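Just so it is clear, the structure is predicted and the values come from calculations on it, not from any experiment. Within every chain, numbering begins at 1; the chains are lettered A, B, ... in the order of the sequence lines, protein sequences first and strands thereafter.
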2 protein chains.
Amino acid sequence: MEQMSDKKTAIFKSTMELVRENGFHGTPMSMIAKHAGVAAGTIYHYFESKEQLICELFCYAQQQAVAVVERETSVNEPFKACFFKLWMGLYTFYRDNPDLLRFFEQFVNSPYQATMPPLEEDRFYSLLFAFLEQGVRERELKEVSPKILAMLTHSSILSIAKTAASGRLSFNKKELQQIQQLLWDGIARNH
Amino acid sequence: MEQMSDKKTAIFKSTMELVRENGFHGTPMSMIAKHAGVAAGTIYHYFESKEQLICELFCYAQQQAVAVVERETSVNEPFKACFFKLWMGLYTFYRDNPDLLRFFEQFVNSPYQATMPPLEEDRFYSLLFAFLEQGVRERELKEVSPKILAMLTHSSILSIAKTAASGRLSFNKKELQQIQQLLWDGIARNH
DNA sequence: CTTCCCCAATTGAACGTTCATTCGGTTTGC
DNA sequence: GCAAACCGAATGAACGTTCAATTGGGGAAG
């Protein structure tokens, strides 16, 4: 990503934070502007419309998630260790970025979802697919479609992170390890 | 639930359908009214406000999901069979009610989430907890907190149903059975 | 059985507010 | 001195909500 203007970044950050607190509706452009310390008109210097802002913000957020997957899967370690690292890496990322997580979930459950590319072109899922496919190829994982493995893996991460972020439940380190282990027990080949 | 007026049901159904298509914002009261075949004012005869309508609709929707869990877990069968039935029952319910599913997801990721009771008082999760706790007690499932088992189970159902509903991926019967089996392999005790 | 009345249900135009967006002007960096 | 960045009051459309007026069904009175 070419480096962004400070203002643009501020607008992104403010939008995520405010959407988390007030929801997608309930976050007027004027509020974003004030929070980001810019004038309302300035937002329109960087973004065509509110819709465009939201969509670009989604891409921006997704790129950060993609970076996490890239970082964690490029390690040169046994597959199993890599899998656990990836799980924990993504979980930590979501937990430490609750604004992003919430925005993400709102987006994919909104009509904007239609503007997303099909799964095959989705960089995030492509990376996840590829990684899990590798696990199947190396006979570490059961002979199951990588898309299924990807859904199970990611959904476990998301649901735990969401529940923790909402404060409705919390999980200690031991429990997190248990969760990863349960998931692994489910998808791994038993030698 | 005491029986509802036809109009109230029509308003509920229309709201769910329109929220699915247009999102939470993007669904004005006037649109709900027209779609439900009533005047705008009529909605305010049944509901205090748009917010109230949304919240009551969530309760209404959740009761339907609760009914599915009750139906599937009350069967007098071995735990494992019951577990598979519950998974499939909930999945089928969500798949056949995509409007409800989408509305549900929008709601829990919005600021309205704060109006929900804590998890312990949540009838849906209480039932799920109790059922999985039974599995632990009967030594069918690993000695893990039922809340963890509940999250993993429900998140797998939701993510598969959501992906299928959005048309981004589809799953045939064999794949659905595979998914349940993977999940079971993860959480079941190996005798 | 008819008439009358009551009140809950229903209507939809009107109101006031909020919001996304615009635009003429100002500042800043080069 | 000239773009590009930035400002923020003004604009007009859209929306949630209100309310005065209308309807309709059912029970009481005759």
Side-chain angles (χ1 to χ4, degrees), chain A residues 1-60 102-103 106-107 110-115, chain B residues 1-60 102-103 106-107 110-115:
Chain A
M1 162 138 34
E2 72 271 32
Q3 69 169 330
M4 280 187 309
S5 120
D6 286 353
K7 304 253 160 154
K8 198 166 174 177
T9 321
I11 293 167
F12 273 161
K13 278 185 104 82
S14 295
T15 305
M16 255 192 304
E17 205 170 319
L18 292 168
V19 165
R20 186 235 184 121
E21 282 166 28
N22 313 310
F24 208 65
H25 60 298
T27 305
M29 293 295 259
S30 54
M31 194 188 282
I32 296 172
K34 185 184 275 185
H35 191 275
V38 302
T42 305
I43 300 182
Y44 288 87
H45 180 72
Y46 292 102
F47 305 97
E48 253 182 35
S49 62
K50 187 177 185 180
E51 176 164 338
Q52 191 90 175
L53 162 60
I54 299 291
C55 289
E56 283 193 38
L57 176 50
F58 178 75
C59 288
Y60 173 72
R102 187 73 162 264
F103 174 80
Q106 293 221 20
F107 187 92
S110 76
Y112 292 114
Q113 189 222 37
T115 69
Chain B
M1 161 133 35
E2 72 272 32
Q3 66 170 333
M4 280 187 308
S5 123
D6 285 353
K7 302 255 159 152
K8 201 167 172 176
T9 321
I11 293 168
F12 272 161
K13 278 185 106 79
S14 295
T15 305
M16 255 192 308
E17 204 170 319
L18 291 169
V19 165
R20 186 235 184 119
E21 282 167 27
N22 313 309
F24 208 68
H25 59 298
T27 304
M29 293 296 258
S30 54
M31 195 188 281
I32 295 172
K34 184 184 278 185
H35 190 275
V38 302
T42 304
I43 300 181
Y44 288 86
H45 180 73
Y46 292 102
F47 305 97
E48 252 182 36
S49 61
K50 187 176 183 179
E51 176 163 339
Q52 191 92 173
L53 163 61
I54 299 290
C55 289
E56 283 193 37
L57 175 51
F58 177 75
C59 288
Y60 174 73
R102 187 73 162 263
F103 174 80
Q106 292 222 20
F107 187 92
S110 77
Y112 293 113
Q113 189 223 38
T115 70

Exercise for review: Please identify each residue that fulfils side chain to side chain donor-acceptor pair (under 3.5 Å) with B:Thr9, with sequence neighbours left out.
Suggested key: none
Exercise for review: Kindly say if B:Lys7 contacts the phosphate of C:dT10, meaning a side-chain N or O under 4.0 Å from OP1 or OP2.
Suggested key: yes
Check your understanding: Any salt bridge (charged side-chain N to carboxylate O under 4.0 Å, His left out) pairs touching residues 18-42 of chain B, not counting sequence neighbours?
Key -> B:Arg20-B:Asp99
**Study point:** Results of ring-ring contact (aromatic ring centres under 6.0 Å, His included) for A:His25 - residues two or more places apart only
**Key:** B:Phe24
Point to revise | Interatomic distance where NZ belongs to A:Lys34 and P belongs to D:dA9 [whole Å] | key: 11 Å
Check your understanding: Which nucleotide in the set D:dA5, C:dT10, C:dT11 lies at the smallest distance from any side-chain heavy atom of B:His45?
Key -> C:dT10
Study note, to complete from the structure: In B/S/- notation (B base, S sugar-phosphate only, - none; protein heavy atoms under 4.0 Å), nucleotides 13-30 of chain C written 5' to 3' is ------SSBB--------
Practice item. Can you sort out the partners of A:Ser14 under side chain to side chain donor-acceptor pair (under 3.5 Å), two or more places apart, ordered by chain and number? Key: A:His35
Check your understanding: Is there side-chain contact between B:Arg102 and B:Glu17, with heavy atoms separated by less than 4.5 Å?
Key -> no
Revision key, fill the gap. The side chain to side chain donor-acceptor pair (under 3.5 Å) partners of A:Tyr46 (sequence neighbours excluded) come to A:Ser5
Check your understanding: Between D:dA5 and A:Tyr46, is there an OP1 or OP2 to side-chain N/O distance shorter than 4.0 Å?
Key -> no
Check your understanding: How would you label the contact of A:Phe47 with the nucleic acid (heavy atoms, under 4.0 Å): base, sugar-phosphate, or nothing?
Key -> nothing
Check your understanding: Which residues, if any, of residues 12-20 of chain B bring a heavy atom under 4.0 Å of DNA chain D?
Key -> none
Show me the side-chain donor-acceptor pairs of residues 50-58 of chain A shorter than 3.5 Å, one per line, residues at least two apart or across chains.
unit_1	atom_1	unit_2	atom_2	d
A:Lys50	NZ	A:Thr27	O	2.9

Check your understanding: Taking only residues two or more places apart in sequence or in another chain, which ones pass ring-ring contact (aromatic ring centres under 6.0 Å, His included) with A:Phe12?
Key -> A:Phe47, A:Tyr60
Exercise for review: Send over the distance from B:Asp6 CG to C:dA8 P, rounded to a whole Å.
Suggested key: 20 Å
